[in-house]
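Heads up, the thing below is written out as structure tokens.
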Amino acid sequence: MDKEIEIQAAVFRRLLAHLDSRKDVQNIELMNLAGFCRNCFSKWTVQEAEKLGVDVELDTAREQVYGMSYSQWKEKHQLPATPEQLARFNELNK
């Protein structure tokens, strides 16, 4: 069981590193294609920590996922969503 958790943790770190290397991929694109984004990982971190009785602030989780503060990431890497992206997002999230 310990090795399984270590493997899962390593895979998650690798996924975060991959997302970090693809800052060109916008969160709305991830949401539209996969139904989750970097923000989802942050929220899931907070929720899973709560289940284990651990207090993790959303800003702390976001910093772990984004590798910087969320406001810094948005300023440096987030582009405005296109009308097409927003329409797709709204269609998928009715």
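Residue numbers run from 1 in the order of the sequence given. Owing to the predicted nature of the structure, the values given are computational and were not obtained by experimental measurement.
- To the nearest 0.5 Å, the span separating CH2 on Trp44 from CG on Asn39 amounts to 11.0 Å.
- A donor-acceptor pair is defined here as one N or O able to donate and one able to accept, closer than 3.5 Å; such a pair exists between the side chain of Gln26 and the backbone of His77.
- Under the salt bridge (Lys or Arg N to Asp or Glu O under 4.0 Å) criterion, Glu6 pairs with Lys3, not counting sequence neighbours.
- In this structure, Ile28 CD1 and Asn32 CG are separated by 5.0 Å, a value rounded to the nearest 0.5 Å.
- Applying the ring pair (Phe, Tyr, Trp, His ring centres under 6.0 Å) test to Tyr70 and every residue at least two apart in sequence or in another chain returns Tyr66.
- Here Lys43 contributes atom NZ and Cys37 contributes atom SG; the two are 7.0 Å apart, rounded to the nearest 0.5 Å.
- Closest approach of Gln64 and Thr45 over heavy atoms only: OE1-CG2, 4.2 Å.
- Going from atom CZ of Phe41 over to atom CG of Asn27 covers 10.0 Å, rounded to the nearest 0.5 Å.
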Could you go through the side-chain contact (heavy atoms from CB on, under 4.5 Å) check for Val46 and Asp55 one step at a time? CA-CA 7 Å; Val46 171; Asp55 184 36; over 6 Å; no
Quick one: side chains of residues 85-94, donor-acceptor pairs under 3.5 Å with protein atoms, not counting sequence neighbours, listed by atom name and distance.
{"from": "Gln85", "atom 1": "OE1", "to": "Thr82", "atom 2": "N", "distance (Å)": "2.8"}
{"from": "Gln85", "atom 1": "OE1", "to": "Thr82", "atom 2": "OG1", "distance (Å)": "3.4"}
{"from": "Asn90", "atom 1": "ND2", "to": "Leu86", "atom 2": "O", "distance (Å)": "3.1"}
{"from": "Glu91", "atom 1": "OE1", "to": "Lys94", "atom 2": "NZ", "distance (Å)": "3.2"}
{"from": "Asn93", "atom 1": "ND2", "to": "Phe89", "atom 2": "O", "distance (Å)": "2.7"}

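- Atom-to-atom distance recorded for Glu57:CD and Ser42:OG is 13.0 Å, nearest 0.5 angstrom.
- For residues 22-39, the salt bridge (charged side-chain N to carboxylate O under 4.0 Å, His left out) pairs, not counting sequence neighbours, are Asp20-Lys23, Arg22-Asp24.
- No continuous path of ILVMFWY side-chain contacts below 4.5 Å connects Val25 to Leu79, so the two sit in separate hydrophobic clusters.
- Partners of Asp59 according to the salt bridge (Lys or Arg N to Asp or Glu O under 4.0 Å) rule, which considers only residues two or more places apart in sequence or in another chain, do not exist here.
- Qualifying side-chain hydrogen bond (donor to acceptor under 3.5 Å, both in side chains) partners for Glu4, counting only residues two or more places apart in sequence or in other chains: Gln8.
- Looking at Leu16 and Val65, their side chains come closer than 4.5 Å, going by heavy atoms from C-beta outward.
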